[in-house]
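In what follows, a single structure is set out as structure tokens and then discussed.
Naming: A, B, ... by sequence-line order, numbering from 1 per chain. All figures in this text were calculated on a predicted structure; none of them were measured in a lab. Quick note: numbers below take in every heavy atom, side chains included, and nothing from hydrogens, waters or symmetry partners.
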Number of protein chains: 2
Amino acid sequence: MGKLREPLNDIYGDNCALPLALEAMGERWSFMILRAAFNGVHHFEEFQQELSIARNILSNRLSRLVDHGIMAREVMAEDRRKVRYELTQKGIELLPAMIALRQWGEKWGAGVASTPVLVDTRDEQPIGPVTMTAHDGRTLTYGELLWKHRSELQPLGQARVRMAPVAAE
Amino acid sequence: MGKLREPLNDIYGDNCALPLALEAMGERWSFMILRAAFNGVHHFEEFQQELSIARNILSNRLSRLVDHGIMAREVMAEDRRKVRYELTQKGIELLPAMIALRQWGEKWGAGVASTPVLVDTRDEQPIGPVTMTAHDGRTLTYGELLWKHRSELQPLGQARVRMAPVAAE
DNA sequence: CGCCTTTGGTTGCAATTTGCAACCCGCTGT
DNA sequence: ACAGCGGGTTGCAAATTGCAACCAAAGGCG
């Protein structure tokens, strides 16, 4: 493979984790494959039909996702022709990013109603927006945020605030 | 331009907003440009130096972002050589998606510490993880979620729950 | 066992995109 | 008038994408 398209994390490496994430997911199809996977798609032909993606590209992308540890590839025992692609924990944790993107698309695209919908098991109501939270769990709006250089961070004041159960998995 | 790379939303259109979002942001550089913009970068040369991106590509990407209403392009009055690129509200609202991606990269990349850091103006502490919330504002974990087809949604029960101040802007 | 089918890929090739470098052009400052 | 800056465009080579055809290891079956 090439050196023309130099990996983003080679360029920006230690400065920011975004390029690193993009190296794995920053392609047109990666999120679509992820979405299909979340929707219960597990096999090559299923992905191919769901997404109308070229077979060689699909092959390439699945390999890449596997290489990045986002999906796991397993040859099935009972029928060794079949290969099962499954999201790993690392892949599952891309859900907030994917949903955030989807919600943004819903809000700003001309009234697209995505299906299927993610609902709360408690009451089967659709979930709310993906939000940014403070270290104590409060939901933060853009206006309450500030960029700080890593060097000028406040040391965490003595346990004035207790860490909220800030779930992620 | 071509018909080889058919727009994702042409294919999946009304089914899901994700392809629509990806049509605008699903390229290697888009999120990097967005990141720079959030970091206060406004001018062509600044982007170019920050990102080490080829000038023609940068030009193309900025145009695309402007076309999609994510950034606004304004020729500056006091020096008509200069052009100022600014995030629109639509662009600003990509922040949760970008942060989610970055946090994912931080968690799963080999200990990359992103700079600058987004902090809560209240106490200048770094923000917590981007989370999915229920319609009532509760933070949801992956295990509390379920995919439902749009047709089998529960009608919202009589005001048993009050809508939480589910901030977004 | 031979032969067909399914599954998950490769391969060959043309069209498109990316990236580097050089060039361009309308301001501004002097 | 003229050098230099800001923000691009252009030409070309290398890489990626996509279509369509081909391939091959299992399984099914008469």
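Taking atom CD of A:Glu27 as the reference point, atom P of C:dT18 lies 12 Å away to the nearest angstrom. Per the geometry, CZ belonging to B:Arg64 stands 17 Å off C1' belonging to D:dG8, to the nearest Å. Nucleotide D:dG4 holds its C1' atom 13 Å from the NZ atom of B:Lys82, rounded to whole Å. Atom CD of A:Gln48 is separated from atom C1' of D:dT17 by 15 Å (rounded to the nearest Å). When the P atom of C:dC20 is taken as reference, atom CG of B:Asn60 falls 15 Å away, rounded to whole Å. In this structure, the CG atom of A:Leu51 is 13 Å from the P atom of D:dC19, given to the nearest Å. The distance from atom CD of B:Glu74 to atom C1' of D:dG6 is 16 Å, rounded to the nearest whole Å. Spacing between atom CG of B:Leu58 and atom C1' of D:dT9 amounts to 13 Å, rounded to whole angstrom units.
Nearer to the 5' terminus of DNA chain C, by closest-nucleotide assignment, is the contact made by A:Glu46 (compared with the other of B:Glu78 and A:Glu46). Between A:Ala77 and A:Asn56, the one whose closest nucleotide on DNA chain D sits nearer the 5' end is A:Asn56. Residues A:Ile53 and A:Met76 each lie close to DNA chain D; by heavy-atom proximity, the contact nearer the 5' end of the strand is made by A:Ile53.
Contact check, A:Ser59 against C:dT10: a side-chain N or O comes under 4.0 Å of OP1 or OP2. Between B:Arg73 and the phosphate of D:dG8, there is a side-chain N or O to OP1/OP2 separation shorter than 4.0 Å. Close to D:dA15, at under 4.0 Å from its OP1 or OP2, lies no side-chain N or O of B:Arg28. The phosphate of D:dG18 has OP1 or OP2 within less than 4.0 Å of a side-chain N or O from A:Trp29. Listed pair A:His43 / C:dT7 fails the phosphate criterion, with no side-chain N or O lying under 4.0 Å from OP1 or OP2.
Using the six-membered ring where Trp is involved, A:Tyr142 and B:Phe38 have ring planes that are perpendicular, over 60° apart on the 30 and 60° scheme.
Within 3.5 Å, no donor on the side chain of B:Arg81 pairs with an acceptor on the base of C:dT28, nor the reverse. Judged by distance alone with a 3.5 Å cut-off, a donor-acceptor contact links the side chain of B:Arg55 to the base of D:dG7.
The residue A:Tyr85 sits close only to the backbone: its heavy atoms come under 4.0 Å of sugar-phosphate atoms, none of a base. Using a 4.0 Å heavy-atom distance criterion, B:Arg80 is classed as a sugar-phosphate-only contact. Residue A:Asp79 is classed as a sugar-phosphate contact, given heavy-atom separations below 4.0 Å to backbone atoms only.
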Report task. Could you check A:Val41 against A:Ile33 for side chain to side chain contact (heavy atoms under 4.5 Å, CB included), going step by step and ending with a plain yes or no? Result -> CA-CA 9 Å; A:Val41 168; A:Ile33 291 175; over 6 Å; no
Requested in this report: Apply the test side chain to side chain contact (heavy atoms under 4.5 Å, CB included) to residues B:His42 and B:Glu86: give CA-CA distance (whole Å), side-chain angles for both, the deciding distance (0.1 Å), then the verdict.
Outcome: CA-CA 6 Å; B:His42 292 287; B:Glu86 189 112 38; 3.5 Å; yes
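Among the nucleotides C:dT18, D:dT17, C:dG9, the one closest to any side-chain atom of B:Arg61 is C:dT18. Among D:dA20, C:dG9, D:dG7, the nucleotide with an atom closest to any side-chain atom of B:Phe44 is D:dG7. Nearest to the side-chain atoms of B:Ile57 among the listed nucleotides C:dT18, D:dG7, D:dC19 stands C:dT18.
Between the B:Gln48 side chain and the B:Ile53 main chain, a donor and an acceptor come within less than 3.5 Å of each other. Proximity of a side-chain donor or acceptor of A:Arg64 to a complementary backbone N or O of A:Ala24 within less than 3.5 Å is not detected.
The CZ atom of A:Arg73 lies 10.0 Å from the CZ atom of A:Phe44; values are rounded to the nearest 0.5 Å.
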